[in-house]
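Heads up, the thing below is written out as structure tokens.
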Amino acid sequence: VNASRRPWDDRRIVAAMTTTPRRIAIIEDSLDSLLQQTQKLDAIYLFVPHVFKRDQTSYELPAWLVTKAGITVVRCEDSGP
């Protein structure tokens with residue numbers, strides 16, 4: 001094993017997360033933390049359903065999220081917990 005190579009050097013490292021309609025407005029600090037890590041991620045995906053399955057609440061994307069560099073928002077269907 002070459003000590004200068006790490007096992008993940010040839011692999012993509014990504015973060016994927018989701019949120020709830022009540023919390024989407026307060027996740028910016030968490031996303032910023034991921035963006036500012038010492039070990040940079042190859043991609044950050046935020047999966048945002050159109051409707052929260054648990055109570056049928058619609059998600060409203062905050063303006064800052066729509067333009068947030070480095071974050072890929074993926075609109076999807078909520079498959080539930």
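Everything numeric here is computed off the predicted structure, so don't read it as measured data.
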What one should report as the nearest heavy-atom pair of F47 and A16 is CE1-CB, 4.0 Å
Interatomic distance, CD1@I13 vs CD@Q37, rounded to 0.5 Å, equals 9.5 Å
Residues passing the side chain to side chain contact (heavy atoms under 4.5 Å, CB included) test with A43, sequence neighbours excluded, are R12, V14, Y45
Practice task
State, yes or no, whether a side-chain contact exists between V48 and V74 at a heavy-atom distance under 4.5 Å.
Solution key: no
Rounded to the nearest 0.5 Å, the OH atom of Y59 sits from the CZ atom of R22 at a distance of 11.0 Å
Go through the steps for M17 and L31 under the test side chain to side chain contact (heavy atoms under 4.5 Å, CB included), then give the verdict.
-> CA-CA 10 Å; M17 60 186 286; L31 295 173; 3.7 Å; yes
Strictly distance-based, threshold 3.5 Å: is any side-chain N or O of D78 a donor or acceptor partner for the main-chain N or O of F52? no
Taking I26 as the starting point, is it possible to reach W64 by hopping between hydrophobic residues whose side chains are less than 4.5 Å apart? no
(message) For a 4.5 angstrom cut-off between non-hydrogen side-chain atoms, does V51 reach T57?
(response) no
field: Heavy-atom side-chain proximity of T19 to S30 below 4.5 angstrom
entry: no
Fill in: Trace of the side chain to side chain contact (heavy atoms under 4.5 Å, CB included) decision for L35 with I71
CA-CA 8 Å; L35 289 166; I71 306 296; 4.2 Å; yes
| message | Could you tell me if the side chain of I27 sits less than 4.5 Å from the side chain of L46, heavy atoms only? | response | yes
Looking only at heavy atoms, the pair that brings S58 and P21 closest together is O-CB, 4.2 Å
dist L61:CG -> R75:CZ (nearest 0.5 Å) comes out at 4.5 Å
For E28, the salt bridge (Lys or Arg N to Asp or Glu O under 4.0 Å) test, sequence neighbours excluded, returns K68
Check: Any side-chain heavy atom of T72 sitting closer than 4.5 Å to one from I44?
Finding: no
